[in-house]
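Reading through the structure tokens given below for one structure.
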Amino acid sequence: MSSISETRGNGGEIHQTGDEALTTNHGVPISDNQNSLKAGARGPTLLEDYVLREKIFHFDHERIPERIVHARGSGAHGYFECTAPIPELTRAGVLANPGKTPVFVRFSTVAGGAGSVDTPRDVRGFAVKFYTQEGNWDLVGNNIPVFFIQDAIKFPDLIHSVKMESDRGYPQAASAHDTFWDFVSLMPESMHMIMWAMSDRGIPRSLRMIEGFGVHTFRLVNAEGKSTFVKFHWKPKLGLQSQVWNEAVKTAGANQDYHRQDLWEAIDSGDFPEWELGIQTFDAEWAAKQPYDVLDATKLIPEEDIPVRIVGRMVLDRNPDNFFAETEQVAFLPTNIVPGIDFSDDPLLQGRLFSYLDTQKSRLGTTNFHQIPVNAPKCPMHNFQRDGMMQMAVPKGRANYEPNSLDQAGEEPGPRASDQGFATYKDMTDLGNQPDEKLRVRAELFGDHYSQARMFYRSQTEVEQGHIADAITFELSKVGLGHVIQRVLGHLRVIDEDLAETVAEGLAEDLPDAATPMREPIDMALSDALSIMKQAKHSLNGRKVGILIGDGGDQAKVDALRDAVEAEGGTVTLIAKERGKAEAQLAGSPSVLFDAVALVISADDAAKLAKFKPAVDFVSDAFAHLKAIGADDVSAKLLAAAGVQPDKGVTKLDPAAFVEAAAQRFYDREAKVW
Ligand code: HDE
């Protein structure tokens, strides 16, 4: 029998020890947890059964409202280590001093509900809470460096349009529907982000293989009060990797929790995911020369213009102890900022500064949500805020107001403000703003909606451009409103004529007139950093290999492959038709769950498996999803049944050749398959 003992307080914890008596929430020992109290052995349950009533009462209220956006998420603990301190730029200890700061990170999709799948085409949230010695700093970003809209006032409209449609309640976790495309087609400022969301960034292979971005321009402020503008970047150590669309669709069926499980298992096995934190910094003079506004969240700063300077690394090394207590109850607040870091006047960021604090009250039910352990600072915290629902702290003494002179009576006077505390950067004019009128307007350069969309699209490889065209074609194929499709095509014509033509052809639509831009787009220099494929790291690190074995396979070959894969940082799962003969069952372990596959079977096995649909799918999907396939000639019958053609990603079972192939995907195969 397990029991619960509690220590409560600010940052307190509840732990289960297993050697104490089971009790009610009020500490009364329970004698029977199997039977409710009845009037006679076959009689009705008695109202006085407070053990039953307390248990059911608590159960009835176990769920809390899910996040209005980013409801589906996975979290982990870890640390940030500042490796290249920047005291000349910021007085924030977390970045100004070498050393480690604990973090909690939550990754998420945006549109779907808490129980939705992990692999829809969507943006991924990348929220990091740094528990610094100067208070919590939350960097609440995404895996895409720009956003759909420029002004927070449009956020409810954007989210209403992308979530399931309000009358029919579908589609869940999908942007491929009328209302989303209706809205974005009426908001040309969304076109840059649309290019990103329709690119392979929208279907990542793993949360461990995504970049993260703070999106907005922030400020760093040093000890002398000097401000420098900054954009934050997270770069994954494992490199960027995405799925292909057909694979993402099939993964959703094979494993709803594909990303969550992948993150959990990696951390559980000691293969800790890691990112570098980088910054792009600039001053007002530089900003004034750019053809875009650095306060516009639909624009990025090309890395070729300002290279990303690495200041530290983040390692996720501990899974949550409790999903609800930590991952569900974690409350990120862009307003959690520490001395030495400050906001910019980005109108999207400014709106976020209201929303997050506000939403926590309805999600977590109390203004005291900061006392929940995952949200509580790990540095001292003192103020005169008191009481409120679910107050966990027990402040002592009479000091609950300031100023007070209680110390003159020998009493504890409580905390005082310090000149070392957070002080807002004063200058509102350094980016040329003239705060002399109250206006509901957008700044002039916000009117360029297409230049960076074009830059993004044209910076991609041909294969990636094909994926964007396919994604838009697919999404629009689900749109029933013809005028919306036409309007989108009008925008695409401004971004890139070839893209517009390809999509129109795929839909058998006539091309409409090009949209009329508010500002004529310009041709910006192309940026390799925007393409996943141009910066692909060929690596088996963190990747999974599935080896299909049969009755006649050669164990020595399996061992040699396993050794070679593991030596490169990958993991191996043995799969057989029957679960008892391996680690996983073939029908339940399709190849979408692996980065590469190998067939260690006999000619007899191959002949039998060639008639077994899950085996044929296993191989044909691996081929179609551009993955390495290791197989000797004895597998010929199965390879033939699966339609595998000669290809440089199809190797013999030679461990070196297979491992080399398994570290990459063979995008040029697409022309053969798709
Ligand atoms: Fe959020 N966003 N957002 N957002 N956002 C929330 O806060 C909001 C925006 C982001 O894992 C909510 O606690 C507004 C940009 C992430 O818990 C809510 C606007 C970026 C997460 C909210 C934005 C983000 C959220 C819902 C426009 C990238 C998940 C639950 C002004 C830079 C955090 C919650 C987690 C969550 C509002 C735009 C990232 C409703 C009003 C831009 C990663 O407060």
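When a residue number appears, it is its place in the shown sequence, counting from 1. First listed ligand is number 1; within each ligand, the first listed atom is number 1.
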* Do D528 and K534 meet the salt-bridge criterion of a basic N to acidic O distance under 4.0 Å? -> yes

* Asked: Is the shortest side-chain N to carboxylate O distance from R168 to D178 below 4.0 Å?
  -> no

* Which option, Q150, E66, R67, owns the non-hydrogen atom nearest atom 17 (O) of ligand 1? -> R67

* For atom 24 (C) of ligand 1, find the nearest protein heavy atom and state the residue, atom name and distance (0.1 Å precision). => R352 NH2, 3.1 Å

* To do: Please confirm whether the backbone N or O of L240 pairs with a side-chain atom of E211, one donor and one acceptor, at under 3.5 Å?
  => no

* Which atoms of ligand 1 sit under 4.0 Å from any heavy atom of A152? -> 31 (C)

* Does a donor on one side chain and an acceptor on the other come within less than 3.5 Å for D346 and H216? -> yes

* Asked: To which of F148, Y356, F232, F332 does the heavy atom nearest atom 5 (N) of ligand 1 belong?
  -> Y356

* Do we see a donor-acceptor contact under 3.5 Å between the side chains of H77 and E326? -> yes

* **Nearest non-hydrogen protein atom, atom 25 (C) of ligand 1** => H70 CD2, 3.2 Å

* Does any donor atom in the side chain of S175 or E475 lie under 3.5 Å from an acceptor atom in the other side chain? -> yes

* What is the closest protein heavy atom to atom 40 (C) of ligand 1, and at what distance does it sit? -> I68 CG2, 3.3 Å

* Asked: Are the charged groups of K237 and E276 less than 4.0 angstrom apart, N to O?
  -> no

* Asked: Does any donor atom in the side chain of Q172 or S116 lie under 3.5 Å from an acceptor atom in the other side chain?
  -> no

* To the nearest 0.1 Å, how far is atom 13 (O) of ligand 1 from its closest protein heavy atom, and which atom is that? -> Q360 NE2, 2.8 Å

* Counting each atom of ligand 1 from 1 as listed, which ones have a heavy atom of F126 under 4.0 Å away? -> 43 (C)

* Around atom 34 (C) of ligand 1, find the nearest protein heavy atom and jot down its residue, atom name and distance. => T359 CG2, 3.5 Å

* **F213 near ligand 1 by a heavy-atom separation under 4.0 Å** => no

* Out of curiosity, is G141 lining ligand 1, as in a heavy atom under 4.0 Å away? -> yes

* Applying the side-chain contact (heavy atoms from CB on, under 4.5 Å) test to N336, which of L139, I341, N136 qualifies? -> N136

* Without swapping roles, check the side chain of E328 against the backbone of F324 for a donor-acceptor pair under 3.5 Å. => no

* Structure fact -> heavy-atom search around atom 11 (O) of ligand 1 in the protein gives R106 NH1, 2.6 Å

* Structure fact -> When distances are taken from atom 41 (C) of ligand 1, the protein heavy atom at minimum range is F155 CD2, 3.3 Å

* Asked: Can you tell which part of V215 has a heavy atom less than 4.0 Å from ligand 1: side chain, backbone, both or neither?
  -> side chain

* With a 4.0 Å cut-off on heavy atoms, does Q350 reach ligand 1? -> no

* **Protein contact of atom 37 (C) of ligand 1 - nearest heavy atom, named by residue and atom, plus distance** => S355 OG, 3.2 Å

